[in-house]
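The structure presented is a predicted model; accordingly, all values stated were derived computationally and were not measured. One is the number of the first residue; the rest follow in order along the sequence. One-based numbering, in listed order, for ligands and for the atoms of each.
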Amino acid sequence: MQFIDLQAQYQHLKTKIDQRIATVLNHGHYIMGPEVQELEQALADYVGVKHVVTCANGTDALSLALMVLGIKAGDAVFCPTFTFFATAEVISFAHATPIFVDSNAETFNICPRDLEKQIQQVIQEGKLKPKAIIAVDLFGLPANYPEIEAIAKKYNLKLIEDAAQGFGGSITDGQGQIKKAGSFGDIATTSFFPAKPLGCYGDGGAVFTNNDDYADLLRSYRVHGKGSDKYDNVRIGMNSRLDTIQAAILLEKLAEFPQELINRNQAAKQYDNEWQVYLKRHKYLQGMKVPGHNIPC
Ligand SMILES: *Cc1c(COP(=O)(O)O)cnc(C)c1O
């Protein structure tokens with residue numbers, strides 16, 4: 001069964017997307033063209049953060065976040081066991097050590113209780129320096145940030161939100177405010193791989209932050225550590241830009257995204273209703289629960 005029908009979605013938006021692509025082909029600014037800036041502003045408005053820095057993919061977005069936070073050899077970075085490979089890969093790529101944390105059995109998000117246990121263990125062992133946490137949003141559900149943020153604060157750790165599987169989702173934070181995926185922690189990241197909640201037609205990613213200094217560093221690191229000019233290279237960075245054509249496609253897909261979420265939730269509700277009917281019919285399954293929010297792990 002095909003859960004994400006990219007062809008049907010393209011047919012629905014074809015006229016608008018084709019028009020946007022044609023505009024890029026005509027103006028010719030294929031790298032860092034005006035659509036890239038337009039998209040960064042639209043994403044910042046949508047998520048509710050000050051800065052969005054787009055990049056080449058979701059893995060680079062995580063690597064850029066770790067570079068900005070100065071993660072290096074000898075540092076411990078905590079991440080969940082249940083995630084895509086990239087979450088842990090980037091920690092090793094930065095020469096730091098990933099420390100794996102158990103997941104909540106109901107939501108599969110990182111378990112705050114085991115997180116604290118793992119942090120205390122690293123401190124006790126005294127070999128690595130606890131530096132940061134990468135929490136991962138899953139199946140549209142952001143991780144338990146009210147609890148994770150409190151732990152990050154208690155142990156003076158930086159917090160990265162990997163929102164690649166949760167973009168468009170939201171939870172109510174500790175102050176009772178609704179916050180969107182991409183707005184948690186010190187830095188958040190996402191991927192625009194075609195099958196992600198918001199995908200383009202190639203590779204793409206973005207980094208989100210409210211911190212002005214982090215945003216300046218991110219813009220430098222993504223273009224070979226550039227200074228005031230692209231040939232004035234002041235630090236070692238990478239080449240991780242989002243193509244203008246992908247930005248153009250994402251602008252049209254982002255405009256449709258709120259309606260798409262309504263449609264997806266309607267479909268999910270339908271599945272849920274059928275599931276309840278099924279459970280009633282099969283009495284032996286009646287003890288089973290549908291995953292809920294914030295059930296202790
Ligand atoms: C897809 C994904 C990534 C990596 O994104 P790419 O764009 O494929 O590099 C990172 N983290 C999670 C949780 C993902 O699902």
Side-chain angles (χ1 to χ4, degrees), residues 3-4 6 36 39-40 43 47 52-69 71 77-94 96 98-104 107-111 115 132-145 148 158-171 180-209 218 221-222 237-247 249-250 253-254 257 261 264 291:
F3 282 106
I4 299 168
L6 293 173
V36 174
L39 175 68
E40 289 178 346
L43 286 168
V47 169
V52 175
V53 179
T54 53
C55 62
N57 56 69
T59 307
D60 279 4
L62 285 166
S63 274
L64 285 163
L66 293 179
M67 285 165 94
V68 165
L69 297 177
I71 302 300
V77 180
F78 301 86
C79 69
T81 43
F82 190 78
T83 178
F84 178 61
F85 186 72
T87 311
E89 180 185 29
V90 294
I91 300 169
S92 295
F93 193 69
I99 305 290
F100 292 98
V101 177
D102 266 348
S103 302
N104 181 311
T107 64
F108 301 106
N109 288 134
I110 191 168
C111 165
L115 172 63
I133 303 160
I134 305 181
V136 181
D137 306 340
L138 279 177
F139 311 119
L141 179 68
N144 189 347
Y145 291 103
I148 297 165
K158 295 291 182 197
L159 177 59
I160 297 170
E161 174 195 7
D162 179 351
Q165 295 289 340
F167 197 78
S170 61
I171 56 167
K180 284 211 178 84
S183 70
F184 296 97
D186 298 282
I187 302 180
T189 66
T190 199
S191 162
F192 301 126
F193 183 87
K196 303 287 163 131
L198 177 65
C200 56
Y201 293 157
D203 276 307
V207 190
F208 306 77
T209 186
L218 286 164
Y221 279 128
R222 112 176 124 173
M238 56 209 272
N239 175 10
S240 186
R241 298 167 300 224
L242 179 71
D243 290 345
T244 311
I245 285 183
Q246 298 303 340
I249 293 161
L250 281 165
K253 292 196 55 173
L254 181 62
F257 194 55
L261 289 183
R264 280 192 192 212

Student: Do Thr83 and Ile134 touch side chain to side chain, with heavy atoms closer than 4.5 Å?
Tutor: no
Student: For Phe184, does its backbone N or O pair with a side-chain atom of Glu161 as donor and acceptor, under 3.5 Å?
Tutor: yes
Student: Can you sort out the partners of Ile245 under side chain to side chain contact (heavy atoms under 4.5 Å, CB included), two or more places apart, ordered by chain and number?
Tutor: Ile21, Val24, Leu25, Ile249
Student: Run the side chain to side chain contact (heavy atoms under 4.5 Å, CB included) test against Glu40 and tell me which residues pass, sequence neighbours left out.
Tutor: Val36, Val52, Thr54, Arg222
Student: Would you say Phe193 and Thr59 make side-chain contact, with heavy atoms under 4.5 Å?
Tutor: no
Student: With sequence neighbours left out, what residues match Ala132 under side chain to side chain contact (heavy atoms under 4.5 Å, CB included)?
Tutor: Ile71, Val77, Lys158
Student: Where does ligand 1 get N/O contacts under 3.5 Å from the protein, atom by atom?
Tutor:
from, atom 1, to, atom 2, distance (Å)
ligand 1, 5 (O), Ser191, OG, 3.4
ligand 1, 7 (O), Gly58, N, 2.7
ligand 1, 7 (O), Ser191, OG, 2.7
ligand 1, 9 (O), Gly58, N, 3.4
ligand 1, 9 (O), Thr59, N, 2.9
ligand 1, 9 (O), Thr59, OG1, 2.5
ligand 1, 11 (N), Asp162, OD1, 3.4
ligand 1, 11 (N), Asp162, OD2, 2.7
ligand 1, 15 (O), Gln165, NE2, 2.8
ligand 1, 15 (O), Lys196, NZ, 2.7

